[in-house]
Amino acid sequence: MTSRPHRIVVLASGRGSNFQAIIDAAAGGSIQAVCAGLITDNPGAYAVTRAHDAGVPVTVVDYLAFSSRQDYEHALLAAMEASASDLFVLAGYMRILSAHVVARFPDRIINIHPALLPSFPGLHAQQQALDHGVKIAGCTVHFVTEEMDAGPIIAQRCVPVHEDDDSESLAARILAFEHLCLVEAVRLFCEGRLKLEGRVVRTDILPEQN
Ligand code: GAR
């Protein structure tokens, strides 16, 4: 266990309910962490309102304000470095991080995805699951690697798919479990209980005794 709480910075583009789950878990003491910042590519995101309400500092790196993806990535990397965060959480961050950014923070960026990976990576995961006709859907928290939605899996939760589901009803059922799954993954990270063996994440490691 480290002597100070971990600093967590969340990257989010929209509603921010997963961001809120982390704010609440940190405030309630179920994770030994400080939610030290929100970085968003979207100044109109509701996540920004949530940050203001919780007193979490916001850095806007507005994608549309940059003339190239490279310039955007440069500013994003600078914001991430300046945050001095131990862990970055992609929580509804709807852009792909470049290999350069991922390489700068090895095993320190995690993402929540609304499907049971490796099935249904990318956009509209819940609709992909319905179109495929699966009977069980769910969510995954994984380490971020260069390849989209393909990094080592930390935690997953499953939910049933109902006959009358549409993508909205299925997304809502999954979302409740996303919040639990994401907080669990962050807690395991903060407790030093995630150990990578190849692409397998072991979680049964006891925290270091310091
Ligand atoms: C969540 O369902 C999250 O899994 C998904 O966006 C939603 C954000 O909700 N992320 C992706 O699809 C990334 N590929 P939130 O803003 O309320 O946390």
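Since we're looking at a predicted model, the values are computed, not measured. Atoms within a ligand are numbered from 1 in the order they appear, just like the ligands themselves.
Two residues are said to be in side-chain contact when any heavy atoms from C-beta on lie closer than 4.5 Å; Val201 and Lys195 fail this criterion. Using a 4.5 Å heavy-atom cutoff, the side chains of Leu170 and Pro114 are not in contact.
Under the 3.5 Å distance criterion, with hydrogens and angles disregarded, a donor-acceptor pair is assigned to the side chains of His179 and Ser17.
Scanning for side-chain hydrogen bond (donor to acceptor under 3.5 Å, both in side chains) contacts around Asp131 gives Gln127, with sequence neighbours left out. Annotation: side-chain hydrogen bond (donor to acceptor under 3.5 Å, both in side chains) contacts of Arg15 (sequence neighbours excluded): none.
Applying the salt bridge (Lys or Arg N to Asp or Glu O under 4.0 Å) definition to pairs two or more places apart or across chains, those involving residues 79-104 are Arg4-Asp86, Asp41-Arg95, Glu81-Arg104.
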Ligand 1 N/O to protein N/O, distances under 3.5 Å:
| unit_1 | atom_1 | unit_2 | atom_2 | d |
| --- | --- | --- | --- | --- |
| ligand 1 | 2 (O) | Glu178 | OE1 | 3.2 |
| ligand 1 | 2 (O) | Glu178 | OE2 | 2.8 |
| ligand 1 | 4 (O) | Glu178 | OE1 | 2.7 |
| ligand 1 | 4 (O) | Glu178 | OE2 | 3.4 |
| ligand 1 | 9 (O) | Arg15 | NH2 | 3.0 |
| ligand 1 | 16 (O) | Gly16 | N | 2.7 |
| ligand 1 | 17 (O) | Arg15 | NE | 2.6 |
| ligand 1 | 17 (O) | Arg15 | NH2 | 3.2 |
| ligand 1 | 17 (O) | Ser17 | N | 2.8 |
| ligand 1 | 17 (O) | Ser17 | OG | 2.6 |
| ligand 1 | 18 (O) | Ser17 | N | 3.4 |
| ligand 1 | 18 (O) | Asn18 | N | 2.9 |
| ligand 1 | 18 (O) | Asn18 | ND2 | 2.9 |

